[in-house]
Amino acid sequence: MQHKVKVTVIDKKLYPELQAEYCADPNSGMCSCYHVGDEFVFERYGAADDFWHMGLNTLKQTAKTAEEIAGGTGFPHCSEAWDAISRYIYAGLQGGSIMRGWMNDERVMIACCSDGTRPVIFKIERLDYKVLYLEGTDQAAQRKIEEALGQVDGVSEIIFKEQFVEVYLQKEVSDDTLKEVVTGCGEGRVTRID
């Protein structure tokens, strides 16, 4: 089983009375680094290690243009946010419980940056998936395989890459079950599962 972590900006707050009293620029306003709806995906598979690079180039979805984001879309996370969320990202990338006993789902945490005058609130989710390496498949076969895997209880999403397919899971699904489903399509075969 492999793991990614999705970080979503779910809210931003502003405390102008605190900025007026304590900030060098009393009109600093809301955080310009993040925007509600921004999604970042951290990966640690093969040559990818987004944690090591503090989230550099992990922004996958935003409603803003690169010019509207402080540092641009390729910028790593700001130090205040990174300090607050990095431990949860690391735990998720290792397949661990992000916040057992506190959240409804131990794969999820709600956290915020440490800027007390304009905090950004993040939803941090561990995404569990298996990597299936396939042999002998074309696009038509991939469609059949995707449809069949989508019917398996516990499978939430299927993403085909150049060399493999990522099968995202909401609960444990055995390697044997995944192999049987692909074999049952009569299209290609599974050579390896990570």
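We number each residue from 1, following the sequence as shown. Side-chain atoms are counted along with the backbone in the values below, which use heavy atoms only and exclude waters and symmetry mates.
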Inter-residue atom distance [X].[atom1] - [Y].[atom2], 0.5 Å rounding:
X      : Y      : atom1 : atom2 : result
Lys13  : Leu18  : NZ    : CG    : 14.0 Å
Ile193 : Asp176 : CD1   : CG    : 8.0 Å
Glu43  : Lys60  : CD    : NZ    : 7.5 Å
Arg44  : Asp50  : CZ    : CG    : 9.5 Å
Ile110 : Ile121 : CD1   : CD1   : 9.0 Å
Asp105 : Gln170 : CG    : CD    : 8.0 Å

With a 4.5 Å heavy-atom cut-off, do [X] and [Y] have their side chains touching?
X      : Y      : value
Gln61  : Thr8   : no
Ile98  : Met103 : no
Ile89  : Val7   : yes
Val5   : Tyr90  : no
Gln142 : Leu134 : no

Nearest heavy-atom pair of [X] and [Y]: which atoms, and what distance?
X      : Y      : value
Gly116 : Tyr15  : O-CD1, 3.6 Å
Ala84  : Ser114 : CB-N, 4.5 Å
Phe51  : Leu93  : CB-CD1, 3.7 Å
Lys144 : Cys185 : O-SG, 3.7 Å
Val36  : Asp11  : CG2-CA, 3.9 Å
Ala91  : Ser97  : CB-O, 4.1 Å

Start with the C-alpha gap between Val155 and Leu169, add the side-chain angles, then the distance that decides, and say whether side chain to side chain contact (heavy atoms under 4.5 Å, CB included) holds.
CA-CA 5 Å; Val155 172; Leu169 306 170; 3.9 Å; yes
Who are the ring-ring contact (aromatic ring centres under 6.0 Å, His included) partners of Tyr168, not counting sequence neighbours?
Tyr129
Ring pair (Phe, Tyr, Trp, His ring centres under 6.0 Å), paired with Phe42, selected from His77, His53, His3
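It is His77; the other options fail the test.
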Short N-O contact, Glu172 and Lys130, less than 4.0 angstrom:
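Salt bridge present between Glu172 and Lys130.
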For Glu135, is there an ion pair with Arg189 - N to carboxylate O distance below 4.0 angstrom?
yes
Is the backbone N or O of Tyr133 less than 3.5 Å from a side-chain atom of Gln163, with the two atoms forming a donor-acceptor pair by type?
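No, the answer is negative, given that no donor and acceptor are paired below the 3.5 Å cut-off.
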Is the backbone of Cys31 close enough, under 3.5 Å, to the side chain of Lys12 for a donor and an acceptor to pair up by distance?
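Confirmed, Lys12 side chain pairs with Cys31 backbone.
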Can [Y] be reached from [X] by stepping across I, L, V, M, F, W or Y side chains whose heavy atoms are under 4.5 Å apart?
X      : Y      : answer
Met1   : Ile159 : no
Val131 : Phe160 : no
Val41  : Ile124 : no
Leu127 : Val165 : no
Phe164 : Leu132 : no

Can you establish whether the number of heavy atoms outside [X] located under 6.0 Å from its atom [atom1] is more than 12?
X      : atom1 : answer
Glu17  : CD    : yes
Trp102 : CH2   : no
Gln94  : CD    : yes
Asn104 : CG    : no

Is there a side chain to side chain contact (heavy atoms under 4.5 Å, CB included) between Thr117 and Ser28 once you walk through the steps?
CA-CA 9 Å; Thr117 71; Ser28 297; 5.9 Å; no
Decide yes or no on side chain to side chain contact (heavy atoms under 4.5 Å, CB included) for Tyr34 and Phe40, but give the supporting numbers first.
CA-CA 11 Å; Tyr34 301 99; Phe40 302 85; 3.8 Å; yes
Apply side chain to side chain contact (heavy atoms under 4.5 Å, CB included) to residues Val167 and Leu178 and explain how you reach the verdict.
CA-CA 9 Å; Val167 180; Leu178 296 173; 4.3 Å; yes
Would you please name every residue forming a salt bridge (charged side-chain N to carboxylate O under 4.0 Å, His left out) with Glu106, sequence neighbours left out?
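Result, salt bridge (charged side-chain N to carboxylate O under 4.0 Å, His left out) vs Glu106: Arg100.
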By salt bridge (charged side-chain N to carboxylate O under 4.0 Å, His left out), which residues pair with Asp194, not counting sequence neighbours?
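Asp194 satisfies salt bridge (charged side-chain N to carboxylate O under 4.0 Å, His left out) with Arg192 once adjacent residues are dropped.
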